[in-house]
Amino acid sequence: NIAVNTLGTIIHNALEELYTPYLNQFLALHHLESMETKVESVIKKHFKAEYKEGEITKGKNFLAYEVAKRNVQNFIFMEKKAINQGDSIKVLHLELALSRVIHFEGFDFGIKIAGKVDRIELRNGAIRIIDYKTGKVEAKNLKIKTFEGLTTESSNDKIIQLLCYALLFENHQVNQNKE
């Protein structure tokens, strides 16, 4: 049977492959329509790569394959809907590896934080940092009113991850501008 994390890897890899040809350009409906025609073959390719010799034409594995396909199709559908409603979307980075060393007073060494950001885009003039999730994520788990207690509540794990990515990306942008 396909493990949940393997399913997530398949979806991530499929989205990366589908969107890479359109990096740093504003997405148009015809780009997304072209992606839609490739979803099935791209999912199948990444399914076989991750699952090796596993059977994907029946049983739970077939259901997992269909779930992966549906997730990617739904993602593209939502992008088409956003563009039809007037959004401008430019994918700037996919699977961008970032790191930064942070120094704290009282420590004679730095602490490195690192991560791989699934997608960074420019949408309607604002930078958005996106971390794909294949499990259930509720909107309330992505909003904070105060930083107080941020690290003590386990329900804030996704917020903390995105805040770290924002910090890392800010550092990345500063370093890019120096070059």
Side-chain angles (χ1 to χ4, degrees), residues 2-27 31-32 35 42-43 46-47 49-51 68 71-72 74-76 78-79 82-83 86-179:
I2 303 277
V4 173
N5 60 338
T6 302
L7 185 62
T9 299
I10 291 164
I11 292 169
H12 276 71
N13 292 345
L15 287 169
E16 181 181 15
E17 181 175 334
L18 290 166
Y19 278 87
T20 293
Y22 307 105
L23 277 173
N24 294 307
Q25 55 185 297
F26 285 98
L27 292 176
H31 297 141
L32 296 163
M35 287 183 220
V42 169
I43 290 290
H46 290 287
F47 222 97
E50 288 298 318
Y51 199 49
N71 270 272
V72 172
N74 287 345
F75 188 86
I76 294 170
M78 295 302 291
E79 299 257 282
I83 288 172
D87 284 8
S88 65
I89 304 168
K90 181 193 276 189
V91 179
L92 304 174
H93 302 280
L94 295 166
E95 301 298 329
L96 180 64
L98 297 171
S99 66
R100 179 177 186 173
V101 176
I102 300 175
H103 299 277
F104 293 98
E105 193 174 318
F107 287 86
D108 56 356
F109 56 87
I111 298 171
K112 182 178 180 178
I113 59 172
K116 188 181 273 192
V117 182
D118 295 334
R119 173 172 161 158
I120 299 173
E121 68 181 24
L122 180 66
R123 185 176 293 228
N124 301 328
I127 296 288
R128 289 185 8 149
I129 296 172
I130 298 167
D131 186 63
Y132 305 135
K133 296 294 184 201
T134 53
K136 183 178 180 182
V137 178
E138 295 182 32
K140 69 179 183 178
N141 292 336
L142 297 174
K143 296 177 184 168
I144 56 170
K145 291 183 173 100
T146 177
F147 285 102
E148 190 174 316
L150 179 68
T151 59
T152 58
E153 297 290 326
S154 63
S155 63
N156 290 335
D157 60 335
K158 291 165 188 62
I159 296 170
I160 292 168
Q161 182 182 15
L162 290 172
L163 287 171
C164 284
Y165 286 164
L167 179 70
L168 293 172
F169 185 65
E170 175 193 44
N171 186 63
H172 172 79
Q173 289 297 91
V174 167
N175 289 336
Q176 292 290 92
N177 291 335
K178 287 180 184 176
E179 294 175 359

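Worth knowing before you read on, the calculation uses all heavy atoms, side chains too, and leaves out hydrogens, waters and symmetry mates. Residue numbers count from 1 along this sequence. Note that this is a predicted model, so its numbers are computed, not measured.
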Would a 4.5 Å heavy-atom cut-off, applied to side chains only, mark [X] and [Y] as touching?
| X | Y | answer |
| --- | --- | --- |
| Asn24 | Val91 | no |
| Leu92 | Glu121 | no |
| Leu167 | Ile113 | yes |
| Met35 | Leu27 | yes |
| Glu17 | His46 | yes |
| Val72 | Leu18 | yes |

For the [atom1] atom of [X] and the [atom2] atom of [Y], what is their distance to the nearest 0.5 Å?
| X | Y | atom1 | atom2 | value |
| --- | --- | --- | --- | --- |
| Phe169 | His93 | CZ | NE2 | 4.5 Å |
| Arg128 | Leu122 | CZ | CG | 10.5 Å |
| Phe26 | Ile89 | CZ | CD1 | 10.0 Å |
| Ile127 | Glu170 | CD1 | CD | 12.0 Å |
| Ile10 | Glu50 | CD1 | CD | 6.0 Å |
| Tyr19 | Asp118 | OH | CG | 13.0 Å |

Can you name the one residue among Ile120, Ile129, Leu168 that meets side-chain contact (heavy atoms from CB on, under 4.5 Å) with Leu96?
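Among the candidates, only Ile120 passes.
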Start with the C-alpha gap between Ile11 and Tyr132, add the side-chain angles, then the distance that decides, and say whether side-chain contact (heavy atoms from CB on, under 4.5 Å) holds.
CA-CA 9 Å; Ile11 292 169; Tyr132 305 135; 5.8 Å; no
Minimum heavy-atom distance [X]-[Y], with the two atoms named:
| X | Y | answer |
| --- | --- | --- |
| Lys112 | Ser99 | CE-CB, 3.6 Å |
| Val117 | Ile130 | CG1-O, 4.1 Å |
| Leu7 | Ala68 | CD1-CB, 3.6 Å |

One pair to check against side-chain contact (heavy atoms from CB on, under 4.5 Å): Gln161 and Leu163. What are the steps and the verdict?
CA-CA 6 Å; Gln161 182 182 15; Leu163 287 171; over 6 Å; no
Working for side-chain contact (heavy atoms from CB on, under 4.5 Å), residues Tyr165 and Asp131:
CA-CA 9 Å; Tyr165 286 164; Asp131 186 63; 3.8 Å; yes
Between His12 and Glu95, a side-chain donor and acceptor under 3.5 Å:
no
I'd like to know whether NZ of Lys116 has more than 12 heavy-atom contacts from other residues, nucleotides or ligands below 6.0 angstrom.
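Result for NZ/Lys116: open.
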Would you call Lys90 and Glu79 a salt bridge, taking side-chain N to carboxylate O under 4.0 Å as the test?
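No, Lys90 and Glu79 are not salt-bridged.
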Could you tell me how the ring of Tyr22 sits relative to the ring of His31: parallel (under 30°), tilted (30 to 60°) or perpendicular (over 60°)?
tilted
